[in-house]
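Atoms within a ligand are numbered from 1 in the order they appear, just like the ligands themselves. Just so you know, residue 1 is the first one in the sequence shown, and it goes up from there.
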Amino acid sequence: MKVLVLNSGSSSIKYQLFDMRDESVLAAGSIEQIGEPGSHLSHRVRTPKGEMAKTVRTLAISDHRQGFQLISSVLRETGALADTGELKGIGHRVVHGGEKFKEPARVTPEVLTAIRALIPLAPLHNPANLLGMEVAMESAPAVPQVAVFDTAFHQSIPPHAYHYAIPKKLYETHQIRRYGFHGTSHRYVAKKAAEFLDKPLESLNLISLHLGNGASAAAIQQGKCIDTSMGLTPLEGLIMGTRCGDLDPAIIFYLARETGLSSEEIESILNKESGLKGICGVNDMRTVGEMAQAGDPEAQLAIDMYCYRIKKYIGAYHAALGGLDGLIFTGGIGENANFIRAGCCQGLAHLGLEMDTGKNRGPREGCSAIESGASRVKILVIPTNEELEIAEQTMACLEADESRSTLCLRQQ
Ligand code: AMP
């Protein structure tokens, strides 16, 4: 029972093929620089010994259609998938589902039209995601396809948390509200936390911190998201690699007035030149950590600001949740940067969060708990796996569809 997960960007397609009987990865890879001179395929396939063997091929890949065909043929040649007919389904990552998609959706012409209508909310991502779905549907028409939305997990956020305090008309006519992103990751790690703690997710209050190059926090009450730090776009909230996160909106008008920069130029500064990069010149947390260790004051400031912003969100979400059972760290930084985890939890004993320094620094594999014996709140490091979550949601959506059609047939 195999499921292929596709994540289509404007010039790339990332893929993972799962055997859903044991959720193992059979093959994975990416096609990069589609339509450019350096286009190439990087493919890893599981060998009979269980290791992943890697191949890289540089070849001309002119468009996504050719890219998908190449993925199908490399999966066939390496023995991972004899034919697309072997697939139970294809799951597609879709960045923006607006208010329409609260759950994954079986891809139909109507669903494609609805995703297209959301392009103004995600002009960089939704067109590329749509292209991936269209190409896969054309190339493998018999395989059911499912769209899994980054925003869907946050659709349970109540109105008092998703509205901005701006004229209501702007929400009604332009859909301006908090949507939130990284929902697939927040949902996955919340489920894993419940498994790890051996408690029903519905009984837990959690704060999930997805700290990667992009970063967001989510407040999860009894399994449902009630607030998240990203907003209409992924620019709001925590400090990120190159994004500023929360900002006084008047800064934008002040900048325009004082410098004459256009709104596009300011948007680019806030998205691509800010965050860690804006503060200390580099956006990679490993390098920021090394620079701070070597005594660079700007890198130290970047770390202090990064952790302080997260602490403010922990405090706010602790209040919103009315108590906390677990704090989850995930993403490249959350999973690997012990100095960031330490900085985020420092001084939070009054909220019941006390870290064990040794456990925080120690080696880890899979989920691990790093709180001290005195801590009232569990502090967890949980590796995220957005592709597996998409594969699981694809299966769940297709199985729900199947049981609905069986029920319809029985009722006829
Ligand atoms: P992601 O977007 O989830 O792949 O995360 C990327 C971020 O994780 C980058 O800022 C990396 O520098 C950071 N990262 C990955 N490994 C480490 C590590 N061992 N220590 C500190 N930061 C890390």
Ligand 1 atoms nearer than 4.0 angstrom to some heavy atom of Asn213 are 1 (P), 2 (O), 5 (O), 6 (C)

With a cut-off of 4.0 Å, which atoms of ligand 1 are near a heavy atom of Gly212? 1 (P), 2 (O), 3 (O), 5 (O)

So which protein heavy atom does [atom] come closest to, and at what separation?
{"atom": "atom 13 (C) of ligand 1", "answer": "Ile333 CG1, 3.6 Å"}
{"atom": "atom 9 (C) of ligand 1", "answer": "Met285 N, 4.1 Å"}
{"atom": "atom 14 (N) of ligand 1", "answer": "Gly332 O, 3.6 Å"}
{"atom": "atom 20 (N) of ligand 1", "answer": "Arg286 CG, 3.5 Å"}
{"atom": "atom 18 (C) of ligand 1", "answer": "Asn336 CB, 3.3 Å"}
{"atom": "atom 11 (C) of ligand 1", "answer": "Asp284 OD1, 3.6 Å"}

Steps toward side-chain contact (heavy atoms from CB on, under 4.5 Å) verdict (Ile220, Phe153): CA-CA 10 Å; Ile220 302 163; Phe153 183 56; 3.9 Å; yes

Take the angle between the ring planes of Tyr15 and His43 and call it parallel below 30°, perpendicular above 60°, tilted in between. parallel

Is atom 4 (O) of ligand 1 touching the protein, meaning some protein heavy atom lies under 4.0 Å away? no

Taking side chain to side chain donor-acceptor pair (under 3.5 Å) as the criterion, tell me which of Thr228, Asp227, Asp246 meets it with Tyr313. Asp246

In this structure, CG of Leu41 is separated from CD1 of Ile71 (nearest 0.5 Å) by 7.5 Å

Interatomic distance, Leu197 atom CG to Glu195 atom CD [nearest 0.5 angstrom]: 10.5 Å

Is it true that His96 and Phe101 have ring centroids separated by less than 6.0 Å? no

Geometric N/O contact His210 with ligand 1, under 3.5 angstrom: no

Check ion pair Arg93-Glu386 (N to O, under 4.0 angstrom): no

